[in-house]
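Notes follow once the structure below has been shown.
Chain letters run A, B, ... following the sequence lines, proteins first, then strands; residues in each count from 1.
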Number of protein chains: 2
Amino acid sequence: MLPELKLTPLRYVLAIIDEGGFHAAAKQLHRSQPAISMAVRDLEERLGQPLFEKGNGKAMLTPFGHWCEPRFRELVAHHDRVCSDALAITRQQRGRVDIAAVPSVASRLMPTLLAGFLASYPGIGISLQDGHSERVNEMVLKGEVELGITSLWMPDDTLSFTELLHDDIGVVCRDDHPLAQQTALHWHTLKPYPLICNGTSRLLEGSPAAELLTHSTLYISNMISLTAMLEAGVGITTLPRLAFPEEYERLRFVPLTSPYLERRIGLLKRAERSLSPAAEAMCAYLLRQLNH
Amino acid sequence: MLPELKLTPLRYVLAIIDEGGFHAAAKQLHRSQPAISMAVRDLEERLGQPLFEKGNGKAMLTPFGHWCEPRFRELVAHHDRVCSDALAITRQQRGRVDIAAVPSVASRLMPTLLAGFLASYPGIGISLQDGHSERVNEMVLKGEVELGITSLWMPDDTLSFTELLHDDIGVVCRDDHPLAQQTALHWHTLKPYPLICNGTSRLLEGSPAAELLTHSTLYISNMISLTAMLEAGVGITTLPRLAFPEEYERLRFVPLTSPYLERRIGLLKRAERSLSPAAEAMCAYLLRQLNH
DNA sequence: TTTGAATGGTAAGCTTTTCTTATCATATTA
DNA sequence: TAATATGATAAGAAAAGCTTACCATTCAAA
C-alpha cells in the first residue's frame with residue numbers, strides 16, 4: 001500500500017536542491033553522480049511522479065517536488081533530532097535518574113554527592129525522595145525509582161544490592177546522661193535506662209541486644225519528635241551514626257561495641273533489569289565516591 | 001557523527017513491542033526471525049546500547065528502549081503521513097490548482113465547469129481569478145497561476161497553448177438599432193455608426209475590419225460601463241460571443257461574417273514545466289469537456 | 001558554426017546490506 | 001523429563017546500493 005521511503009534518497013534530493021545540481025550534490029555527499037541519479041529515479045518511481053523536471057539540462061523541481069521539499073526536510077530533521085537525543089542519552093549527557101534513599105542518607109550524604117554528580121553530568125536530571133528502608137525497597141521493586149540507597153531489608157532475588165558503606169550503631173542520649181561520657185558501650189549497661197524505640201531499632205534484632213527492645217515501652221517514628229524526647233531527657237535510643245542528628249548540641253552519640261552492630265548501606269536496583277545510561281552514570285559515580 | 005537510522009529496523013522494534021516477541025513480530029512482518037534479531041542488534045550498535053534486555057528469554061525493553069519507543073513511533077508515523085499525503089497528491093485526491101481566466105470565460109464557462117470538476121475531484125482545491133488576456137499571460141508566465149484560459153496573446157516559446165474553443169466576433173448594439181435585425185454583417189455596413197472600442201477590439205487587428213478602429217473615438221474597458229453606453233444607444237461595439245452579456249434584454253449580438261473573425265480560447269501553461277497532479281487533472285477535465 | 005565543458009542519464013559489474021535456512025543454547029511448560 | 005517455547009549464531013543467497021566508464025544534450029565562448 002504505502003511505499004517505504006528511505007531517508008538517504010531524501011537527503012540526496014535535499015542536497016540536489018541545496019547544491020543546485022546532481023553533480024554538486026554528489027560531491028557534497030561523497031557519492032558518484034550516478035548514485036544520486038539512480039536513487040532519485042527510484043524515489044520518483046515510488047512516489048509515482050517526478051520530483052525534478054526532465055529533459056532540460058538543469059535540475060529544477062516540479063510542482064510536486066516543491067510540495068515535497070519542506071516535508072522531506074522536516075522528516076529528515078525529525079530523524080536527526082531523535083538520533084542526537086538518543087545519542088546524548090547514551091553518552092550520559094542527558095536523561096534522568098529517580099532515586100530513593102533512607103532519610104539519613106538522603107539528608108546527610110546525598111546533598112554533597114548529588115552536587116558533585118550534577119557538576120560532572122550537567123545534562124542529567126535527578127529526583128530524590130526519602131522513605132524508610134522498607135519503602136525504598138518497595139519503590140525500587142515497583143519501578144517507582146530506578147535506584148535505592150538503603151540498608152538491605154528483605155533480600156530478594158529480583159533485587160540486587162551493592163554495598164556502599166557501613167554505618168555503626170550507637171546509643172544517643174542527652175549530654176548530662178550517665179552514658180554520655182562513655183566512648184564504648186556494652187549492651188548490658190543500657191538495661192537500667194528507658195529506651196525509646198525508633199524505625200531503626202530493628203537493626204538490633206538478631207543480636208544479643210535485641211533483648212533491650214522487649215523492655216521498651218515507647219516507639220517514636222518521627223525524627224523530630226524523637227530528638228525532642230531525647231533533649232527532654234525522657235530516655236535514650238539507638239541510632240546508626242549517620243542518622244544521629246549532629247545539629248542538636250545537647251545530644252551525644254556513643255558507639256555500641258558489644259555487640260558491635262552496623263547497618264550496611266548500599267545501592268539497590270532491580271536485578272536482570274538494565275539501568276538507564278543516566279542511572280548507570282549515577283551508580284558508577286556513587287561507587288567511585290563511597291566505595292573507594 | 002550521527003548514526004543513520006533506517007526506518008525498517010524501527011518498524012521491527014515496534015512490531016516486537018506490539019506483538020510481544022521476536023518470533024511474533026517476524027510472522028507479522030513476513031520476515032524470518034533472524035532477520036529481526038540481526039536488524040535489532042545492528043540498530044542497538046548504532047545507538048550504542050541495547051533496546052531489549054538480554055539473557056532472559058522474553059523480549060522486554062530496557063529503560064532506554066522505553067525512552068525510544070514513543071519517538072520511534074512518532075518518526076515512523078511521520079514518515080507514513082508524508083508518504084500517504086504524497087500519494088494522495090499523485091492520485092489526484094488532494095492538491096490545489098490556481099487558474100486565471102479571461103473575464104468572459106471566468107464568468108460564463110468556469111462556474112459549471114468547476115462545479116463538475118469539484119464533483120469528480122472532491123479533494124482538490126481551486127482558485128480562479130480573472131484578468132484580461134495580457135494579464136492572464138503574465139500570471140502564467142510568472143507562476144502566479146499554473147493554468148490560464150485565454151485567447152492567445154503573445155505567442156511565447158516558454159508558454160504552451162492548447163486550443164479549447166472558438167469564439168466568433170460580432171457586433172453588439174441596442175435592439176432598436178438598424179443593425180439589430182441583421183443576421184450577418186459585412187464590416188462595411190458598420191462604417192456609418194459610432195463604434196465604441198473595448199478590450200477585445202484588438203481582435204479586429206490584422207483583418208480588413210481593423211480600419212473601423214481608426215475612426216473610433218471612444219474606448220471603454222469596463223464591461224459594466226460598456227453595456228451602459230450600449231443600452232443608452234451611444235454607439236455599437238464588437239465583442240466575442242462569449243463576452244456578450246446576455247442578461248441585458250435590449251442588447252443584440254450580430255455575428256460579423258465578412259471578415260469572419262474569431263478568438264481562439266485555450267489553455268495556457270508554462271512549457272517545459274510539468275504540472276502539479278491537480279493541474280494535470282484539471283487540464284484533462286477541461287479538454288474532455290470542451291474539446292470533444 | 002564549432003568546440004569544449006557543463007549538464008544528467010544508462011549499463012555492467014563490484015560491494016555492502018539484508019534476508020533465509022539451518023542450527024544452537026536456554027528457559028518455560030506439560 | 002520431554003516438548004515447546006524463547007532468541008542468538010553462522011553460512012550462503014538475494015537484493016540494494018555504489019562505482020567506473022560511457023553516452024546524449026545543452027550552453028557558452030572561440
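Between atom OG of residue A/Ser120 and atom CD of residue A/Gln289 there is a gap of 7.5 Å, rounded to the nearest 0.5 Å. With values rounded to the nearest 0.5 angstrom, A/Asp80 atom CG is found 10.5 Å from A/His78 atom NE2. Between atom CH2 of residue B/Trp67 and atom CG of residue A/Asp85 there is a gap of 5.0 Å, rounded to the nearest 0.5 Å. Once rounded to the nearest 0.5 Å, the distance linking SG of B/Cys83 with CG of B/Leu7 reads 9.0 Å.
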Show every donor-acceptor pair shorter than 3.5 Å between a side-chain atom in residues 14-32 of chain A and any protein atom, with sequence neighbours excluded, or say none if there are none.
from    : atom 1 : to      : atom 2 : distance (Å)
A/Asp18 : OD1    : A/Arg73 : NH2    : 2.4
A/Asp18 : OD2    : A/Arg73 : NH2    : 2.7
A/Arg31 : NH1    : A/Tyr12 : OH     : 3.3

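Between the side chain of B/Gln92 and the backbone N or O of B/Pro277, at least one donor-acceptor pair lies under 3.5 Å. Between the side chain of B/Thr62 and the backbone N or O of A/Ser274 there is no donor-acceptor pair closer than 3.5 Å. Judged by distance alone, with hydrogens and angles left aside, the side-chain atoms of B/Glu272 form no donor-acceptor pair with the main-chain N or O of A/Glu53 at under 3.5 Å. Side-chain atoms of A/Ser276 never come within 3.5 Å of backbone atoms of B/Pro63 as a donor-acceptor pair (strictly under, hydrogens ignored). The backbone N or O of B/Gly123 lies less than 3.5 Å from no partner atom in the side chain of B/Gln93, so there is not a single donor-acceptor pair.
Across all non-hydrogen atoms, the minimal contact from B/Asp130 to B/Val102 is CB-C, 4.4 Å. When every heavy atom of B/Ile124 is checked against every heavy atom of B/Ala281, the shortest pair comes out as CD1-CB, 4.5 Å.
Contact footprint of chain B on DNA chain C: nucleotides with an atom under 4.0 Å from a non-hydrogen protein atom, first to last in 5' to 3' order, C/dT17 to C/dA22.
By the side-chain hydrogen bond (donor to acceptor under 3.5 Å, both in side chains) test, B/Arg41 is found to be paired with no residue, residues two or more places apart in sequence or in another chain being considered.
One interatomic measurement links the two molecules: NZ of B/Lys58 to P of D/dG7, which rounds to 7 Å at whole-angstrom precision. Spacing between atom CE of B/Met60 and atom P of D/dT6 amounts to 15 Å, rounded to whole angstrom units.
Contacts of residues 6-30 of chain B with DNA chain C (heavy atom under 4.0 Å): B/Lys6, B/Tyr12, B/His30. Sorted by residue number, the members of residues 35-52 of chain B with any non-hydrogen atom under 4.0 Å from DNA chain D read B/Ser37, B/Arg41.
Side-chain N/O atoms of B/Lys54 include none lying less than 4.0 angstrom from OP1 or OP2 on D/dG7.
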I'd like a table of atom pairs between the protein and nucleotides 25-28 of chain D - only N or O on both sides, under 3.5 Å - with the distance next to each one.
none

